[in-house]
K.L.:
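Quick one: the structure is below, questions incoming.
These numbers were taken from a predicted model, which means no experiment stands behind them.
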Amino acid sequence: MRNNNLQMAQGVISVLAILCLVVGWFNLFSPEVNVIIKNKLFYLLIGLSFILQAPLLQNEKFRYPMYGAAALCIVGAFLPIDSNLSFIKTIGLLGGVIISFTNRSATRQ
């Protein structure tokens, strides 16, 4: 039962993250608000989604790297947008997506 709750929460957070991208893409709010939604809230939600997904991974070797990807997303979201280190949130996003897809292909075999 716990896994189902985690999966549902992770799914809802992922949908919210996608909505952040859509809102930012269509510039539905003022430029300042769009920047916060696109560059801050999106990465916070993705990081939270990765945290919820990590315990659900079939291969335990992927769990800590998924937590690491989540940490990069969350820490990167709090950095100033023009910071030289702001790229770490993108690395976290990329890493988490790769881990997620790797885990799916491993469970199908």
Side-chain angles (χ1 to χ4, degrees):
M1 188 64 150
R2 181 176 180 263
N3 283 350
N4 288 339
N5 290 340
L6 279 176
Q7 284 177 329
M8 185 183 324
Q10 195 259 337
V12 168
I13 290 171
S14 296
V15 169
L16 289 173
I18 291 170
L19 287 175
C20 285
L21 283 179
V22 170
V23 166
W25 193 34
F26 287 111
N27 296 317
L28 299 178
F29 299 107
S30 69
E32 296 83 15
V33 173
N34 282 329
V35 166
I36 291 171
I37 290 172
K38 227 175 17 179
N39 294 316
K40 304 276 183 194
L41 185 59
F42 169 74
Y43 285 100
L44 285 173
L45 290 172
I46 289 296
L48 184 57
S49 175
F50 289 165
I51 288 171
L52 294 176
Q53 186 180 3
L56 302 173
L57 295 174
Q58 297 294 323
N59 188 341
E60 291 182 15
K61 292 180 182 179
F62 291 143
R63 288 188 184 157
Y64 288 114
M66 184 62 93
Y67 285 127
L72 289 175
C73 288
I74 293 170
V75 169
F78 285 105
L79 293 173
I81 295 168
D82 57 352
S83 168
N84 289 337
L85 295 175
S86 66
F87 67 91
I88 66 170
K89 61 187 176 192
T90 306
I91 291 173
L93 173 65
L94 208 59
V97 169
I98 290 169
I99 292 167
S100 180
F101 281 127
T102 302
N103 183 63
R104 289 184 185 171
S105 65
T107 57
R108 291 184 187 185
Q109 292 177 350

K.L.:
Which atoms form the tightest heavy-atom contact between Ala9 and Leu52, and what is the distance?
P.N.:
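Minimum heavy-atom separation between Ala9 and Leu52: CB-CD1, 3.9 Å.
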
K.L.:
Which residue pairs satisfy the side-chain hydrogen bond (donor to acceptor under 3.5 Å, both in side chains) criterion with at least one member in residues 39-57, sequence neighbours excluded?
P.N.:
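Non-adjacent pairs meeting side-chain hydrogen bond (donor to acceptor under 3.5 Å, both in side chains): Gln10-Ser49, Ser14-Ser49, Gln53-Ser100.
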
K.L.:
May I ask whether Leu72 and Val75 are part of the same hydrophobic cluster, defined by side-chain heavy atoms of I, L, V, M, F, W, Y residues being less than 4.5 angstrom apart, directly or through others?
P.N.:
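Linked within one cluster.
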
K.L.:
Search all heavy atoms of Cys20 against all heavy atoms of Ile37 and return the closest pair with its distance.
P.N.:
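Minimum heavy-atom separation between Cys20 and Ile37: O-CG2, 3.4 Å.
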
K.L.:
Closest approach of Ala70 and Phe50, non-hydrogen atoms and distance?
P.N.:
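Closest approach of Ala70 to Phe50: CB-CB, 3.7 Å.
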
K.L.:
Are Leu45 and Val22 linked, directly or through intermediate hydrophobic residues, by side-chain heavy-atom contacts shorter than 4.5 Å (ILVMFWY only)?
P.N.:
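Per the 4.5 Å side-chain linkage, Val22 and Leu45 are not co-clustered.
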
K.L.:
In the single-linkage hydrophobic clustering (I, L, V, M, F, W, Y; side-chain heavy atoms under 4.5 Å), do Leu93 and Phe78 co-cluster?
P.N.:
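No, because Leu93 and Phe78 fall into different hydrophobic clusters, even though each may have its own neighbours under 4.5 Å.
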
K.L.:
Could you tell me which non-hydrogen atom of Asn34 sits nearest to which non-hydrogen atom of Asn27, and how far apart they are?
P.N.:
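For Asn34 versus Asn27, the nearest heavy atoms are ND2-CA, 3.1 Å.
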
K.L.:
Looking at CG of Leu56 and CZ of Phe62, how far apart are the two atoms once the value is rounded to the nearest 0.5 Å?
P.N.:
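Reported to 0.5 Å precision, the distance equals 15.0 Å.
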
K.L.:
Taking side chain to side chain donor-acceptor pair (under 3.5 Å) as the definition, give me every residue that meets it alongside Glu32, ordered by chain and number, with sequence neighbours left out.
P.N.:
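For Glu32, the residues satisfying side chain to side chain donor-acceptor pair (under 3.5 Å) (neighbours in sequence not counted) are Ser30.
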
K.L.:
To the nearest 0.5 Å, what is the distance between CD1 on Ile36 and CZ on Phe29?
P.N.:
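Result: 11.5 Å between the selected atoms.
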
K.L.:
Supply the atom-to-atom distance Asp82 CG to Leu85 CG, rounded to the nearest 0.5 angstrom.
P.N.:
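Interatomic distance, Asp82 CG to Leu85 CG, rounded to 0.5 Å: 11.5 Å.
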
K.L.:
Could you see if Phe101 belongs to whatever hydrophobic cluster contains Leu57? Use Ile, Leu, Val, Met, Phe, Trp, Tyr and a side-chain cutoff under 4.5 Å.
P.N.:
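Yes: a chain of side-chain contacts under 4.5 Å links Phe101 to Leu57.
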
K.L.:
What heavy-atom pair brings Ala69 and Gly95 nearest, and what distance separates the two atoms?
P.N.:
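Of all heavy-atom pairs spanning Ala69 and Gly95, the closest is CB-C, 4.3 Å.
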
K.L.:
With the 4.5 Å side-chain cut-off for hydrophobic clustering, are Leu48 and Val12 part of the same group?
P.N.:
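Yes, one cluster joins them.
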
K.L.:
Any chance you could measure Leu21, atom CG, to Leu41, atom CG, to the nearest 0.5 Å?
P.N.:
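Here the interatomic distance stands at 10.0 Å.
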
K.L.:
Measuring only between side-chain heavy atoms, which start at C-beta, is Ile74 closer than 4.5 Å to Ile51?
P.N.:
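In short, these two side chains touch, coming nearer than 4.5 Å.
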
K.L.:
What heavy-atom pair brings Met66 and Gly96 nearest, and what distance separates the two atoms?
P.N.:
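Nearest pair, atom of Met66 first, then Gly96: CE-O, 3.5 Å.
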
K.L.:
Drop me the distance from Ile18's CD1 to Ile13's CD1, to the nearest 0.5 angstrom.
P.N.:
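Interatomic distance, Ile18 CD1 to Ile13 CD1, rounded to 0.5 Å: 12.5 Å.
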
K.L.:
Nearest 0.5 Å, please: how far is CD1 in Ile81 from OG in Ser86?
P.N.:
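Rounded to the nearest 0.5 Å, the OG-CD1 separation comes out at 8.0 Å.
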
